[in-house]
Visitor: 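Here it is, the structure, as structure tokens.
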Amino acid sequence: MSSIISMFSVLSPMTVLLTFAGVVLGTVVCSITGLTATMEVAVLTSCTYGTEAAKASAMLLGIFVCGVEVGSISAILLKVPGTSSAIMTTLDGYPMAQRGEGGTAIGIATISSFCGGIISCIFLILGCAKLADIAAKFGYPEYFVIALFGLCIIANTGGSLLKGLLGAFLGVFSTMVGMDTLTGITRFTLGSKSLIRGLEMVPILIGLFGVSEILNQLFDIKKNNIKHESIGKVFPGWKLLNKLKWTILRSSLIGTIVGVLPGAGGPIAAFVAYNTEQSLSKEPEKFGTGIPEGISAPESANNATVGGALVPMLALGVPGDGVTAIIMAAFAIHGFHLGPTIFSESPEIVSTVYIYTIVANIFMVTIGLIAARYFARLVNTDKTILIPIILMACVIGSYAASNNVFDVYVMIFFGVLGFLMEKVGVSTSAFVLGQVLGDLMETNFRSAFTMSQGSWSIFFRPITMVFWALTVIMVVVPQINKIVKKKKAKATDAQK
């Protein structure tokens, strides 16, 4: 009881107000494609020098919490994921918006994100030290197998496993362009100095989803003649939320666990949660057509990684992702160095992180539901006006990623590539996950192989064996189900 009272002792009106300001800033800035929570936290950290550590961290946590959720807005309305964590949200969110249910889709995403965030906070408070101990046991082989596991399950979510694997392979290959981080040798640059630094994620993401959708709109006359439907209600209703409760709980647990692993992050959590729900569903074929579970699962999971990512930051002094790395730097500026001793030396800092992560989630769901109707009005904009606006946002977002015109050309290239990939049925989602995980896979594979002096046995340790087994199950079981369904369908046709 005393520890709980100690936690709430860090509450103050000014700090709560700063958390609210962080959520508002995060909602406005991060809703612009290409501007991420990492970028905003980095910029605002320099403004916290003269403030107390608690107030500075509260505002930064507000940005962190809503920065993940806000990426779903453009993913749902424009099919342009604002963050890599929102890639899977496009699959069912955009079809719902096209049916005139954009407001409801945003409402589901917002409430699911809130639930995921709160559930992860509970685990953060109750099991921070224990979860960190588990994460500390992961080494190079474990991270390689986890990355491979993520690639295999997303490759298996489409209609064809081979096409999914092809998309994933292309994504992994794209990470090899540029300077090798381990040897310093340039690879696949074709003599271009601009490619030495590699391919940025943001223009690839915008191109594959945003520009390719613009091309679809331009080349498909039927899409250009879509009738403007009503926005629909924002709050999804208690009946639907009750139906989604197990999806939210499962996905939140997945997100928390994935978030604890340094470097794993929201994209992997969203992919795993989406695939898990599709595998458990009685009607898996409906995923990708615009169903609530397809939005709730990835949004619960990617926001749950926020609480998970704070675990290694607090307990081990190891950043869970880019944003927590910057937050750690902000604490260091104020003289606090996170790690195992922080719980005894500066418990008020730990309490600040716990409480204001929860406060930020409360503000996030409130502002998100209020603003959803205004954001959702975008889908009723005339196509002749909306398409140039989307294209302009894509160009600005790509350029803003690193203030480089070359990234705009990268966006255009991958926009055309994404358009062609969709036409032949190759998964763009698998490509993006390959791009997200490619460097993680290569670096950990080579490091593990070097550590074992060329022995493959290092990839078959107890923890890796668990993930090898899960990979086989997640790939083989859906294929068996497809074969069984085909046989049943043939038997039914034969009877007719």
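Quantities reported herein were computed from a predicted structural model and do not represent experimental measurements. Each residue takes its place number in the sequence, starting with 1.
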Visitor: Where do V410 and I204 land on the side-chain contact (heavy atoms from CB on, under 4.5 Å) test, with the steps shown first?
Guide: CA-CA 7 Å; V410 172; I204 291 176; 4.2 Å; yes
Visitor: Can you measure from OG (S212) to CE (M421) and round to the nearest 0.5 angstrom?
Guide: 9.5 Å
Visitor: L166: which residues meet the side-chain contact (heavy atoms from CB on, under 4.5 Å) condition with it, sequence neighbours left out?
Guide: L170, V426
Visitor: For a 4.5 angstrom cut-off between non-hydrogen side-chain atoms, does E200 reach F406?
Guide: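 E200 does not reach F406 side chain to side chain.
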Visitor: Under the salt bridge (Lys or Arg N to Asp or Glu O under 4.0 Å) definition, can you give me all pairs with a residue in residues 246-255, not counting sequence neighbours?
Guide: R250-E277
Visitor: Test: side chain to side chain donor-acceptor pair (under 3.5 Å). Region: residues 443-453. Which pairs qualify, not counting sequence neighbours?
Guide: D180-R446, E442-R446
Visitor: Are the side chain of S192 and the backbone of T189 linked by a donor-acceptor contact shorter than 3.5 Å?
Guide: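 No.
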Visitor: Among pairs that include at least one residue of residues 391-400, which meet salt bridge (Lys or Arg N to Asp or Glu O under 4.0 Å), considering only residues two or more places apart or in two chains?
Guide: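 Listed once each, the pairs would be none.
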Visitor: Is there a donor-acceptor pair under 3.5 Å between the side chain of N302 and the backbone N or O of P298?
Guide: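 Indeed, once roles are kept as given, a pair shorter than 3.5 Å links the two residues.
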Visitor: Do other residues, nucleotides or ligands put more than 12 heavy atoms under 6.0 Å from the CZ atom of F459?
Guide: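 Result for CZ/F459: enclosed.
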Visitor: Going through the checks in order, is the side-chain contact (heavy atoms from CB on, under 4.5 Å) test met by V395 and M411?
Guide: CA-CA 8 Å; V395 172; M411 174 201 73; 4.0 Å; yes
Visitor: Who are the side-chain contact (heavy atoms from CB on, under 4.5 Å) partners of P292, not counting sequence neighbours?
Guide: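 Partners of P292 under the side-chain contact (heavy atoms from CB on, under 4.5 Å) test: I108, L240, L244.
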Visitor: Do S300 side-chain atoms and A297 backbone N/O form a donor-acceptor pair below 3.5 Å?
Guide: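 Answer holds: no.
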Visitor: From I185 CD1 over to M179 CE, what is the distance, rounded to the nearest 0.5 angstrom?
Guide: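 CE of M179 is found 10.0 Å from CD1 of I185.
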Visitor: Under the rule for ring-ring contact (aromatic ring centres under 6.0 Å, His included), what residues qualify as partners of F287, not counting sequence neighbours?
Guide: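 Residues passing ring-ring contact (aromatic ring centres under 6.0 Å, His included) with F287: Y274.
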Visitor: Could you work out, with side-chain contact (heavy atoms from CB on, under 4.5 Å) as the rule, every residue matching E283, not counting sequence neighbours?
Guide: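 Scan of E283 (side-chain contact (heavy atoms from CB on, under 4.5 Å), adjacent residues dropped) gives S281, E285, K286.
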Visitor: When you look at CZ of F169, are more than 12 heavy atoms from neighbouring residues, nucleotides or ligands closer to it than 6.0 Å?
Guide: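 No - once you tally the heavy atoms of other residues, nucleotides and ligands closer than 6.0 Å, there are 12 at most.
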Visitor: State the CG-SG distance between L310 and C121, to the nearest 0.5 angstrom.
Guide: 7.5 Å
Visitor: Has S120 got a side-chain atom pairing as donor or acceptor with G117's backbone, closer than 3.5 angstrom?
Guide: yes
Visitor: Can you list the residues that meet the ring-ring contact (aromatic ring centres under 6.0 Å, His included) rule with F173, with sequence neighbours excluded?
Guide: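 F173 satisfies ring-ring contact (aromatic ring centres under 6.0 Å, His included) with F188 only.
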Visitor: Tell me every residue that passes side-chain contact (heavy atoms from CB on, under 4.5 Å) with V466, counting only those two or more places apart in sequence or in another chain.
Guide: L470
Visitor: Partners of S296 by side chain to side chain donor-acceptor pair (under 3.5 Å), sequence neighbours excluded?
Guide: S112
Visitor: Rounded to the nearest 0.5 Å, what separates atom CD1 in I254 from atom OG in S251?
Guide: 5.5 Å
Visitor: With a 4.5 Å heavy-atom cut-off, do T89 and I76 have their side chains touching?
Guide: yes
Visitor: Nearest 0.5 Å please: distance from the CG atom of L241 over to the CD1 atom of I248.
Guide: 6.0 Å
Visitor: Roughly how far, to the nearest 0.5 Å, is OG1 of T110 from CG of N303?
Guide: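 Going from the CG atom of N303 to the OG1 atom of T110 covers 9.5 Å.
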Visitor: Is the gap between the ring centers of F449 and Y140 under 6.0 Å?
Guide: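 F449 vs Y140: aromatic centres not under 6.0 Å.
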Visitor: What's the verdict on side-chain contact (heavy atoms from CB on, under 4.5 Å) for L77 and I106, showing C-alpha distance, side-chain angles and the deciding distance?
Guide: CA-CA 9 Å; L77 300 179; I106 294 176; 4.0 Å; yes
Visitor: Distance-only, no hydrogens or angles: does the D92 side chain make a donor-acceptor pair with backbone N or O of I291 under 3.5 Å?
Guide: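 Yes, D92 side chain to I291 backbone: donor-acceptor pair under 3.5 Å.
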Visitor: Going by the salt bridge (Lys or Arg N to Asp or Glu O under 4.0 Å) test, which pairs reach into residues 448-472, not counting sequence neighbours?
Guide: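 The answer is E142-R461.
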Visitor: Kindly indicate, with the supporting measurements, whether the criterion side-chain contact (heavy atoms from CB on, under 4.5 Å) is fulfilled by L280 and W246.
Guide: CA-CA 11 Å; L280 294 174; W246 296 116; over 6 Å; no
Visitor: With sequence neighbours excluded, give me every salt bridge (Lys or Arg N to Asp or Glu O under 4.0 Å) pair touching residues 293-309.
Guide: K243-E293
Visitor: Is there side-chain contact between V306 and F64, with at least one heavy-atom pair below 4.5 Å?
Guide: yes
